[in-house]
Engineer: 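Could you have a look at this structure, given as structure tokens, before my questions?
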Amino acid sequence: MLTIGQLADYAGVTIKAIRHYHERGLLTEPDRDSSGYRRYTAEHAIKLMKIRTLAHAGVPLARIRDLLDADPETLTAAIAEIDHDLEDRIAQLGRTRDQLAQLRGGDRLFVSPEVADFLDDLRKFGVSERAIRVERDGWILMQTASPEDASLWIAEKRELMTDPEFRALYLDHDAAYDWSPDDPRLPGLADRTRNWFTNHPGRSETRSVHNPAIARLAAQSQRGASSPAWDRLAQLVTG
């Protein structure tokens, strides 16, 4: 004979759970003995183990009550159905884990593989995380609103980053974000930028996009997409 505490320890459940099973009609509550304690038998322990097993498998308590008294054929069919449900849950958990792995990987959940590879390249080149975030958010917007332009631009952008001169310009522009708009280095950087584009005409960045509104949206809504130094640099390049 077992006390409720001993039964709980044996079955690996809490006393509160046993009392809840009593309230739901799953486990009969024994009468008290002469000392005022409820004494549980082996039959209670066996039934409690069945309840615990089914509950851990995700079977609702209302259904457990029916299964406890089911005939062997009905119980076998029910267990097969429960097993099928568990397989579905395992598959869903696997998909969730894959999504979490993508989240840990950062960008690949939100952008195309080509863009994600480009962002990884930027990290290898030493580009700031601020600039990478702006790039990523811009590509998310572009891929949604103008996938044709996004596909064209990313192929060209990855090719451009293999050019040491362009890569140096990119890194210098990244560094210039935090400069003062009166920094004496800005005119020289503007000259280098203008000269590079003069010597490399026909880049896709200079052509209009199919959905020009997306470019305006990106510029207006992206935190960190511009700074006083960058605004001054743009004036110098186009002036």
Side-chain angles (χ1 to χ4, degrees), residues 1-124 129-130 132-137 139-141 143-144 147 221 223:
M1 304 288 281
L2 302 170
T3 65
I4 189 171
Q6 291 171 329
L7 178 65
D9 289 340
Y10 175 79
V13 300
T14 64
I15 293 175
K16 183 178 180 180
I18 293 176
R19 287 174 174 158
H20 183 60
Y21 297 152
H22 288 329
E23 293 172 0
R24 297 296 298 269
L26 298 176
L27 186 68
T28 58
E29 191 172 10
D31 295 330
R32 297 182 184 276
D33 62 13
S34 58
S35 301
Y37 292 99
R38 298 189 188 279
R39 300 294 180 175
Y40 293 83
T41 66
E43 183 181 351
H44 287 105
I46 292 170
K47 196 165 190 179
L48 179 58
M49 293 298 290
K50 290 180 179 179
I51 295 170
R52 189 199 69 174
T53 300
L54 292 169
H56 284 182
V59 181
L61 294 183
R63 191 177 184 195
I64 290 177
R65 183 169 50 204
D66 297 332
L67 293 179
L68 289 174
D69 299 322
D71 59 77
E73 183 177 346
T74 301
L75 182 60
T76 299
I79 290 175
E81 182 182 348
I82 293 168
D83 184 63
H84 179 72
D85 291 342
L86 283 174
E87 288 182 348
D88 289 343
R89 287 168 57 194
I90 291 170
Q92 179 59 51
L93 287 172
R95 290 190 291 270
T96 301
R97 289 193 68 192
D98 290 341
Q99 291 176 329
L100 288 174
Q102 289 179 311
L103 281 173
R104 285 196 298 269
D107 309 313
R108 295 183 182 274
L109 186 64
F110 306 105
V111 295
S112 69
E114 294 78 11
V115 171
D117 288 342
F118 171 65
L119 298 177
D120 286 342
D121 289 342
L122 295 184
R123 291 186 177 93
K124 294 175 184 176
E129 283 300 321
R130 175 202 51 76
I132 292 171
R133 185 189 68 247
V134 171
E135 282 270 7
R136 181 202 62 208
D137 291 350
W139 287 111
I140 291 172
L141 291 171
Q143 286 179 159
T144 301
S221 62
R223 181 172 57 87

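Scope of the values below: all heavy atoms of this structure, side chains included, with no hydrogens, waters or symmetry mates.
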Engineer: With sequence neighbours left out, which residue pairs that include part of residues 26-81 fulfil the ring-ring contact (aromatic ring centres under 6.0 Å, His included) condition?
Structural biologist: His22-Tyr40, Tyr40-His44
Engineer: Checking Leu61 against His20 for the side-chain contact (heavy atoms from CB on, under 4.5 Å) test, could you report, in this order, the C-alpha distance in whole Å, the side-chain angles of both residues, the deciding distance, and whether it holds?
Structural biologist: CA-CA 10 Å; Leu61 294 183; His20 183 60; 3.5 Å; yes
Engineer: Measure the spacing between OH of Tyr21 and NZ of Lys47 and express it to the nearest 0.5 Å.
Structural biologist: 13.0 Å
Engineer: Side chains of Met49 and Ile46: closer than 4.5 Å at any heavy-atom pair?
Structural biologist: no
Engineer: At what distance, to the nearest 0.5 angstrom, does CG of Leu122 lie from CD of Glu129?
Structural biologist: 9.5 Å
Engineer: Does atom CD (Glu87) have a neighbourhood of more than 12 heavy atoms from anything else shown, all under 6.0 Å?
Structural biologist: yes
Engineer: When rounded to the nearest 0.5 angstrom, what distance separates NZ in Lys124 from CG in Leu119?
Structural biologist: 12.0 Å
Engineer: Could you state the interatomic distance from NE2 (His84) to CD1 (Ile79), rounded to the nearest 0.5 Å?
Structural biologist: 16.0 Å
Engineer: Where the side chain of Arg52 meets the backbone of Ala11, is there a donor-acceptor pair that is under 3.5 Å apart?
Structural biologist: yes
Engineer: How long is the span from the CG atom in Leu48 to the CG atom in Leu7, to the nearest 0.5 Å?
Structural biologist: 5.0 Å
Engineer: What residues form a salt bridge (charged side-chain N to carboxylate O under 4.0 Å, His left out) with Arg63, not counting sequence neighbours?
Structural biologist: Glu81
Engineer: Within this structure, what is the CZ-OG1 distance for the pair Arg39 and Thr41, rounded to the nearest 0.5 Å?
Structural biologist: 12.5 Å
Engineer: Carefully, step by step, assess Asp9 and Gln6 under the rule side-chain contact (heavy atoms from CB on, under 4.5 Å).
Structural biologist: CA-CA 5 Å; Asp9 289 340; Gln6 291 171 329; 5.7 Å; no
Engineer: Is any side-chain heavy atom of Asp117 closer than 4.5 Å to a side-chain heavy atom of Glu114?
Structural biologist: no
Engineer: Does a donor on one side chain and an acceptor on the other come within less than 3.5 Å for Gln92 and Arg95?
Structural biologist: yes
Engineer: Just wondering, are more than 12 heavy atoms of other shown residues or ligands nearer than 6.0 Å to CG in Asp31?
Structural biologist: no
Engineer: Got a sec, which residues hit side chain to side chain donor-acceptor pair (under 3.5 Å) with Asp71, two or more places apart in sequence or on another chain?
Structural biologist: Thr74
Engineer: Would you say Thr3 and Arg38 make side-chain contact, with heavy atoms under 4.5 Å?
Structural biologist: no
Engineer: Against Ile51, only a single residue in Ile18, Ile64, Leu67 fulfils side chain to side chain contact (heavy atoms under 4.5 Å, CB included); can you say which?
Structural biologist: Ile64
Engineer: Do you know the tightest heavy-atom contact between Ile82 and Leu54?
Structural biologist: CD1-CD2, 4.2 Å
